[in-house]
Number of protein chains: 2
Amino acid sequence: MKLVQIYACLCDPTRLRLLHVLAQGPLCVCHFQETLNEPQVKISKHLAYLRERGLVEVERAGNWMVYALPARPSRELKANLACLQDCAQEDPVFKRDLSRLKKLAPKFAETSPCGCS
Amino acid sequence: MKLVQIYACLCDPTRLRLLHVLAQGPLCVCHFQETLNEPQVKISKHLAYLRERGLVEVERAGNWMVYALPARPSRELKANLACLQDCAQEDPVFKRDLSRLKKLAPKFAETSPCGCS
DNA sequence: GAACTATATTCCTTTATGGGTATATAGAAC
DNA sequence: GTTCTATATACCCATAAAGGAATATAGTTC
């Protein structure tokens, strides 16, 4: 059952935050790091977990690894990502991540040659 | 984050099947057993897991424990249960459970004094 | 090639989980 | 109270996962 794989990806707070932020657009690891304020290993390992299960896609851009939501998500994935976005609206952690991302966006845009946000 | 708790409940195939079948109406343990064709311990333990996290409610009816979806589910739970029902439509396992439930329903109704379907 | 940067992987420890077997509990029936 | 039924719990084992520290890798720059 593929659904279970999806839910397994969703049952960790860090991964939820990664996916939630990703809905705003592709992002590289170091930008995740700053946005979520979590150590590199943690981010990188959870992204690997999501990648192995097809919840995110990666593309290299020089030294940067740019992660994004799948271009052609399955029906189940699309439904659950939408549900997550919906549920995340009220949660303080998600809101904080989002506002931090918005604040950092201009800095990200100028300092990094990677194509993300 | 309460959401994580919900997803933790959803990331096991047996629990998904329990919740999916429960959407049809309350059910007692032995009827779950027959419907999913799984051993009693397995059913009982997963129901306990769901109960501890508020995904199901229980009521005793004589010897039977009748499980049901929460009468007043949170916003997040309602959204995710709806999403599950939506995603389950195509899956063979879920479909099999449902057809087995429909076939057994009359038998359940006559043989058991418990109030479930 | 050497140094640097961004990211991934390895190793370790701790904790959670799933499944099974056996046993306990609570209520019903006698 | 005894027996039966339905369900829950305890115990054990194997596996997975999360987190951190240290190290490896790949690409860039000089």
Residues of residues 49-57 of chain A with a heavy atom under 4.0 Å from any atom of DNA chain D, listed by number, are A/Tyr49, A/Arg53

Distance in angstrom units between B/Ile43 CD1 and C/dG19 P, rounded:
10 Å

Hey, where on DNA chain D does chain A first and last touch, going 5' to 3'? Cut-off is any atom under 4.0 Å from a heavy atom.
D/dA17 to D/dT28

Sequence neighbours excluded, which residues qualify as side-chain hydrogen bond (donor to acceptor under 3.5 Å, both in side chains) partners of [X]?
X       : value
A/His46 : A/Arg15
A/Lys42 : A/Glu38
B/Asp97 : B/Arg17

Pair listing, salt bridge (charged side-chain N to carboxylate O under 4.0 Å, His left out) test, anchored in residues 23-35 of chain B, at least two apart
B/Glu34-B/Lys107

In short, salt bridge (charged side-chain N to carboxylate O under 4.0 Å, His left out) pairs touching residues 23-32 of chain B with sequence neighbours left out are none

Where along nucleotides 22-30 of chain C does protein come under 4.0 Å, by heavy atom, of base (B) or sugar-phosphate alone (S), with - for untouched nucleotides?
----BBS--

Name each donor-acceptor pair under 3.5 Å that joins a side chain in residues 49-59 of chain B to protein atoms two or more places apart or in another chain, with its distance.
from: B/Arg53; atom 1: NH1; to: B/Tyr49; atom 2: O; distance (Å): 3.1
from: B/Glu57; atom 1: OE1; to: B/Ala71; atom 2: N; distance (Å): 3.4

Quiz item: B/Lys45 side-chain donor-acceptor pair to C/dG19 base, under 3.5 Å:
yes

Pair up each side-chain donor or acceptor in residues 74-82 of chain B with any protein partner under 3.5 Å, not counting sequence neighbours, and list the distances.
from: B/Ser74; atom 1: OG; to: B/Glu76; atom 2: OE1; distance (Å): 3.4
from: B/Ser74; atom 1: OG; to: B/Leu77; atom 2: N; distance (Å): 3.1
from: B/Arg75; atom 1: NE; to: A/Glu90; atom 2: OE2; distance (Å): 3.1
from: B/Arg75; atom 1: NH2; to: A/Asp86; atom 2: O; distance (Å): 3.1
from: B/Arg75; atom 1: NH2; to: A/Asp86; atom 2: OD1; distance (Å): 3.1
from: B/Asn80; atom 1: ND2; to: B/Glu76; atom 2: O; distance (Å): 3.1

